[in-house]
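Here the structure is a predicted model, which means the values were calculated and not measured. Order of listing sets the numbers, starting from 1, for every ligand and every atom in it. Worth knowing before you read on, the calculation uses all heavy atoms, side chains too, and leaves out hydrogens, waters and symmetry mates.
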Amino acid sequence: MNGGEAEQVGPVPGKEPEARPYRHPAAGWGAAKAVTEIVLRQGEVVDGPRSLLRMNHEDGGFDCPGCAWPDTQGLHLDICENGVKHATWEMTRKRVGREFFAAHSVTELTQWSDFALEDQGRLTEPMVYNAETDHYVPIGWQEAFELFGSTVRALENPNQAAFYTSGRLGNEATFLYQLMARELGTNNLPDCSNMCHEASGRALTAALGTGKGTADLKDWETADALFVMGVNAASNAPRMLTTLAQAYRRGAQVVHVNPLIEAAAGSTIIPHEFTQMALLRATRTSTLNLQVRSGGDMALMRGIAKATLELAETDPGAVDRQFLDRYTVGFQEYAALCASTSWEEIELQSGISREGVRKAARVYRDADRTVISWCLGVTQHEHGVDTIREIVNVLLLRGNIGREGAGPSPVRGHSNVQGNRTCGIDHRPPAGFLDRLAAVCGIDPPRAPGLDTVGVIEAMHRGEVKVFVGMGGNFALAAPDTVYTQAALRSCELTVHVSTKLNRSHLVHGRKALILPCLGRTEKDEQAGGLQGTSVEDSMSMVHLSVGMKGPASPYLRSEPAIIAGLARAALPASATPWEWYVEDYDRIRDTMARVLDGFEDFNRRVRLPMGFRIKQPARELVFLTPSERAEFASAPLPDVLPAPGTFRLWTMRSHDQWNTTIYSDDDRYRGIKNLRTLVFMNADDMRELGIPEFGPVDVTATAKDGSTRSLTGFLAVPHDMPRGCAAGYMPEMNVLCAITDYSAQSDQPLMKQLRVTITGT
Ligand SMILES: Nc1nc2c(c(=O)[nH]1)N[C@H]1C(S)=C(S)[C@@H](COP(=O)(O)OP(=O)(O)OC[C@H]3O[C@@H](n4cnc5c(=O)[nH]c(N)nc54)[C@H](O)[C@@H]3O)O[C@H]1N2
Ligand SMILES: Nc1nc2c(c(=O)[nH]1)N[C@H]1C(S)=C(S)[C@@H](COP(=O)(O)OP(=O)(O)OC[C@H]3O[C@@H](n4cnc5c(=O)[nH]c(N)nc54)[C@H](O)[C@@H]3O)O[C@H]1N2
Ligand SMILES: [Mo]
């Protein structure tokens with residue numbers, strides 16, 4: 001698409017919305033067809049496919065910039081439809097250069113759809129906002145750095161700056177970025193993880209003394225039971241489908257817990273099994289589906305624990321007494337809590353009958369080894385931390401930790417979001433990390449906690465944060481409370497975005513604004529010391545090197561480490577940190593990281609091993625870095641998750657055809673939706689009761705914790721198989737509904753899966 005003909009997101013004029021149940025296996029030919037269309041649309045007929053064959057290789061090539069699912073050894077075609085979409089989106093031949101910005105004012109561009117903005121192609125050179133003409137105009141790299149440097153140097157204190165990270169950033173750039181922030185004197189390091197797995201980190205740290213899951217892909221491949229909770233795997237972690245299908249074939253149990261029966265809870269055609277593809281032969285990816293109510297996961301887990309403990313009265317093998325005695329604390333209290341939680345309460349709060357809960361408990365009891373995994377359906381709730389601790393309680397009962405085929409396994413989002421945290425993106429950094437950073441890097445890092453995503457938005461609003469740097473991502477759209485967040489960004493003195501593509505955040509800018517275009521992960525990164533690779537960490541703590549294959553989209557692009565070094569030198573002219581020297585050869589950054597970060601010893605050698613290396617995890621070795629030095633049971637009360645009469649619990653989620661704020665089309669294939677994003681999924685009985693017909697227009701009004709309301713009008717209601725009292729729709733269109741004050745007291749995560757709404761026909 002070109003010029004001003006913005007494509008509408010939402011009901012498309014002339015295109016009829018469709019909603020039909022999807023009755024086919026996930027992946028397979030539908031996915032293959034979608035891949036072909038995407039590749040052709042991006043004009044990548046020649047380089048695209050050849051580069052894709054180098055994705056996720058064990059002996060080089062680049063890491064898929066899509067999700068954080070780990071790579072499989074020896075499998076050279078383990079790529080998925082959505083990974084391909086994601087990589088080709090970056091490899092497009094379209095360019096958005098200075099002529100484009102000269103032709104369109106910022107005010108004009110704000111009228112464009114988000115799809116149209118990103119669809120202009122790759123950014124090619126640094127741009128600065130000119131307030132007099134309301135256009136972005138070219139600026140040299142050095143001048144751009146100096147604009148940042150002089151603005152930061154003029155701040156009254158460093159906490160007036162904030163440094164956001166989107167989870168794509170490689171480890172080496174991550175390390176330099178946090179070093180710059182801390183050398184400046186602030187821990188204001190909000191990141192996208194504040195919106196996705198903050199709850200997981202907090203719960204696992206409290207229970208097990210590690211912020212990450214302990215299970216790896218081998219464990220998934222050897223477990224007797226896999227629980228998959230609150231994740232739409234077929235769209236958001238598609239390579240998990242292969243693991244689930246293989247689990248089913250070897251006779252393992254696969255239990256899906258989700259208010260929706262998502263495509264992964266059916267069957268799949270494994271994409272690299274060519275005979276399966278040819279014969280359209282599908283393998284099941286589920287043995288049990290439990291349609292919990294929104295927020296009902298904790299009650300379900302409590303029920304599984306209760307049933308397991310009941311079994312243990314006559315079946316001594318139901319719980320692992322030795323493990324409990326040797327490695328845990330708090331079991332007696334938890335057992336008493338399970339006994340005193342009534343079945344009625346468990347049924348009511350989970351939305352699952354006691355027979356259903358007992359069935360799941362039976363699966364759990366009969367499995368020697370169990371992995372429980374989860375994603376946003378569990379984390380983005382008020383009680384996300386308590387729910388994950390309840391998951392760990394269940395695992396502890398049967399000693400499902402510290403051995404093969406078992407353990408907790410959060411499914412992370414962005415391809416390096418886990419690595420970002422490991423390498424120092426943390427607004428609440430542990431003292432030990434800061435001590436080592438101080439000793440090795442010779443800086444005096446601030447000790448006071450910094451601001452997270454929600455905190456930064458509020459501080460910008462109050463005028464306390466004046467410089468916002470976005471290292472990737474699309475903060476203006478991804479963050480909650482769109483109107484409030486955008487006003488906050490506009491009140492800044494300077495906004496800086498390091499990006500590959502044009503997006504909304506560039507248009508919602510401060511008084512001064514920079515767009516700094518960077519190399520993508522698919523591109524060659526040449527520095528003085530030769531071709532550089534950068535490392536990433538997947539969902540399962542495997543760290544490996546990613547090396548780009550393609551020539552850069554423009555000769556003026558710089559790598560993320562180089563851009564950070566330029567910004568740092570300008571803001572800290574007298575810094576003793578060898579910024580320029582680091583950028584010449586990333587091995588030098590890695591050598592420093594090896595001295596600062598736990599588990600990164602001998603980093604440069606180990607990262608070059610065929611599959612990289614796994615960061616050692618104490619909890620995996622049954623060493624628990626908790627106050628009691630044991631795994632700790634939690635005994636939290638069950639929250640009341642029932643919607644008040646007349647209201648719904650609404651969650652926001654992704655369609656199959658989007659990557660967070662990047663929307664590829666208005667379709668959501670596995671949920672049977674075509675040509676529609678401004679929709680609300682509802683239970684058919686709820687719609688009938690409210691007199692709302694299929695595709696009937698509705699108003700959705702959310703009431704925040706503080707009583708304030710936010711509305712969307714003219715969304716179309718679509719009946720879907722889901723529990724009553726639940727409703728769902730797409731992010732980021734629905735982010736306006738999520739008040740800035742609505743974040744979890746346990747994790748500070750915005751309640752993106754727990755909006756209290758009324759829905760009325762119009
Ligand atoms: N193609 C693609 N891949 C992606 C992304 C993308 O946008 N596109 N985003 C990446 C990122 S950053 C992340 S964090 C992950 C997100 O991966 P997901 O967590 O799959 O993301 P969502 O689309 O928000 O889907 C949430 C799921 O939770 C379910 N759910 C909602 N409420 C509840 C509940 O109360 N209990 C339970 N058990 N389930 C519930 C929803 O029905 C839905 O299936 O995916 C990553 N991968
Ligand atoms: N309502 C609601 N809101 C949500 C969520 C939800 O479930 N519901 N989910 C939340 C979650 S889990 C997340 S992770 C956030 C996502 O929040 P973000 O990570 O901030 O958003 P993305 O859409 O992933 O960012 C896309 C942009 O990243 C830039 N980009 C792409 N590749 C690169 C690269 O290699 N380098 C750099 N520097 N830039 C690049 C491009 O310019 C692109 O426009 O959204 C959150 N918002
Ligand atoms: Mo995420």
Peer 1: Could you tell me whether the side chains of Gln291 and Asp721 share a donor-acceptor contact shorter than 3.5 Å?
Peer 2: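 Yes, a side-chain donor-acceptor pair sits under 3.5 Å.
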Peer 1: In ligand 1, which numbered atoms sit nearer than 4.0 Å to a non-hydrogen atom of Asp297?
Peer 2: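 Selected atoms, number and element: 34 (C), 35 (O), 36 (N), 37 (C), 38 (N).
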Peer 1: Restricting to salt bridge (Lys or Arg N to Asp or Glu O under 4.0 Å), what partner residues turn up for Arg202, sequence neighbours left out?
Peer 2: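 Arg202 satisfies salt bridge (Lys or Arg N to Asp or Glu O under 4.0 Å) with Glu198, Asp748 only.
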Peer 1: What are the atoms of ligand 1, with element, lying closer than 4.0 Å to any heavy atom of Ser294?
Peer 2: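 Contacts of ligand 1 toward Ser294, numbered from 1: 35 (O).
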Peer 1: Would you mind running through ligand 1 and noting each atom that sits below 4.0 Å from a heavy atom of Leu260?
Peer 2: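 Near Leu260, the atoms of ligand 1 are 42 (O).
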Peer 1: With heavy atoms of His381 as the reference, note each atom of ligand 1 found under 4.0 Å away.
Peer 2: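 Atoms satisfying the 4.0 Å criterion: 34 (C), 35 (O).
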Peer 1: Side chains of Asn416 and Arg168: donor-acceptor distance under 3.5 Å anywhere?
Peer 2: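 Checked: Asn416/Arg168 side chains show no N/O donor-acceptor pair below 3.5 Å.
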Peer 1: Excluding sequence neighbours, so at least two apart, what forms side chain to side chain donor-acceptor pair (under 3.5 Å) with Thr482?
Peer 2: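 Scan of Thr482 (side chain to side chain donor-acceptor pair (under 3.5 Å), adjacent residues dropped) gives none.
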Peer 1: Backbone N or O of Gly266 within a donor-acceptor pair of the Thr285 side chain at under 3.5 Å?
Peer 2: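 Yes: the side chain of Thr285 pairs with the backbone of Gly266.
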Peer 1: State, without any angle test, whether Arg302 and Ser350 hold a side-chain donor-acceptor pair at a distance under 3.5 Å.
Peer 2: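 Side-chain D/A pair, Arg302 to Ser350: absent.
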Peer 1: Answer with side chain, backbone, both or neither: which part of Ser235 has a heavy atom less than 4.0 angstrom from an atom of ligand 1?
Peer 2: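 Within the 4.0 Å criterion, Ser235 contacts ligand 1 through backbone atoms alone.
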Peer 1: Please confirm whether Ala233 comes within less than 3.5 Å of ligand 1 when only nitrogen or oxygen atoms on both sides are compared.
Peer 2: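 No, there is no polar N/O contact under 3.5 Å.
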Peer 1: Any atoms of ligand 1 less than 4.0 Å from a non-hydrogen atom of Gly295? List them with their elements.
Peer 2: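 Reading through ligand 1 atom by atom, the close ones are 34 (C), 35 (O).
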Peer 1: Check each atom of ligand 1 against the heavy atoms of Asn232 and keep those under 4.0 Å away; list them by number with element.
Peer 2: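 Ligand 1 atoms under the 4.0 Å threshold to Asn232: 20 (O), 44 (O).
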Peer 1: Enumerate the protein residues lying less than 4.0 Å from ligand 2, judged by heavy-atom distances, in chain and residue-number order.
Peer 2: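 Protein residues near ligand 2 are Glu118, Tyr164, Ser166, Arg168, Cys192, Met195, Cys196, Leu376, Gln380, His414, Gly472, Gly473, Asn474, Ala478, Val498, Ser499, Thr500, Lys501, Asn503, Cys518, Glu560, Thr652, Arg654, Trp659, Asn660, Thr661, Met731, Asn735, Met752, Lys753.
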Peer 1: For Trp659 and Phe115, I'd like to know if the aromatic rings sit close, meaning centre-to-centre distance below 6.0 Å.
Peer 2: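 Here the rings of Phe115 and Trp659 have centres that are no less than 6.0 Å from each other.
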Peer 1: Is any side-chain heavy atom of Arg504 less than 4.5 Å from a side-chain heavy atom of Asn474?
Peer 2: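 They are in contact (side-chain heavy atoms under 4.5 Å apart), so the answer is yes.
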Peer 1: What about Phe468 and Phe475, are their ring centers closer than 6.0 Å?
Peer 2: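 Yes - the distance between ring centres of Phe468 and Phe475 falls below the 6.0 Å cut-off.
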Peer 1: Identify, with sequence neighbours excluded, every residue that meets ring-ring contact (aromatic ring centres under 6.0 Å, His included) alongside Phe648.
Peer 2: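 Listed in chain order: nothing, the list is empty.
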